[in-house]
Amino acid sequence: MLKSLMVAKAKDELEQELADKEAEKERYLAENAPLLQMSGMSLAELQELCRELHAKISVVDEERYDIEAKVFHNTREIKDLNIKVLDLRGKFKRPTLRRVRVSADAILRSLLGSKHKVSMDLRANLKSVKKEDTEKEKTVEVSDWRKNVEAMSGMEGRKKMFDAAQ
C-alpha cells in the first residue's frame with residue numbers, strides 16, 4: 001500500500017516537473033525569439049531580416065562552441081583527477097595489520113592440517129653453551145715492545161706473521 005502511494009506521488013511530481021520545464025521553455029522562447037511578421041515585407045526588408053538572423057545565429061553558434069569546449073575540457077580534467085585519486089588510493093583498501101602471537105604448535109597445525117598432531121619443543125633442540133668466567137681470560141705477557149718490533153721487522157717478521165696465521 002505504502003509503496004504504491006510512493007510510486008503515485010513520484011509519478012505526479014515527474015509530470016509536474018515536465019510541465020514546469022515546458023512552461024519555462026515557452027517563456028524563454030517568447031522573450032528571446034519573438035514571432036516574425038513577414039507579411040507585407042518587401043524583398044529588401046526580407047533580405048535584411050535574413051542577415052540579422054544569420055548574425056544572431058553565428059553569435060549563438062560561437063557561444064555554443066565555446067561552452068562545448070569548456071565542457072570537454074572540464075570532463076577530461078575530471079577523468080584525469082579521478083584516475084589520480086584511484087592511483088593514490090589504490091585499487092583496494094588495505095587492512096590495518098596487527099601483531100598476533102601464535103605458538104609453533106599452532107603454526108605447524110595450520111600448515112600440516114588438524115590430522116597430524118605435531119608437538120615440537122624448539123628449545124630442546126638448542127645447544128647449550130657454557131659461559132666462561134671473565135676472570136679466567138688468558139693473561140697476556142708484558143714484555144719489552146722494542147724486542148717485538150725488532151723481531152717482526154724485515155722479511156723474517158713477515159714470514160713469522162704468515163706462519164702464525166696458518
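Numbering of residues begins at 1 and proceeds along the displayed sequence.
- Note that OG1 of T75 is 9.5 Å distant from CG of D80, once rounded to the nearest 0.5 Å.
- For the atom pair E17 CD and D20 CG, the distance stands at 8.0 Å (nearest 0.5 Å).
- Cluster annotation: L53 is connected to L46 through the hydrophobic network of ILVMFWY side chains, with a link wherever side-chain heavy atoms come within less than 4.5 Å.
- Rounding to the nearest 0.5 Å places CD of E68 at 12.5 Å from NZ of K70.
- The shortest distance between side-chain heavy atoms of E13 and Q16 does not fall below 4.5 Å.
- Minimum heavy-atom separation, A55 to S58: O-OG, 2.7 Å.
- Atom-to-atom distance recorded for K3:NZ and L5:CG is 13.0 Å, nearest 0.5 angstrom.
- Judged purely by atom type and a 3.5 angstrom limit, E45 uses its side chain to pair as donor or acceptor with the backbone of S42.
- D12 has no carboxylate O lying under 4.0 Å from a charged side-chain N of K9, or vice versa, which leaves the two without a salt bridge.
- Salt-bridge annotation for K25 and E22: absent, with no side-chain N of the basic residue lying under 4.0 Å from a carboxylate O of the acidic one.
- Using a cutoff of 4.0 Å between basic side-chain nitrogens and carboxylate oxygens, K21 and E24 are not scored as salt-bridged.
- Side-chain contact check for R64 versus D61: some heavy-atom pair is nearer than 4.5 Å.
- Atom NZ in K11 sits 9.5 Å away from atom CG in L14 (nearest 0.5 Å).
- A salt bridge does not link E52 to K56: none of the charged side-chain nitrogens sits closer than 4.0 Å to a carboxylate oxygen.
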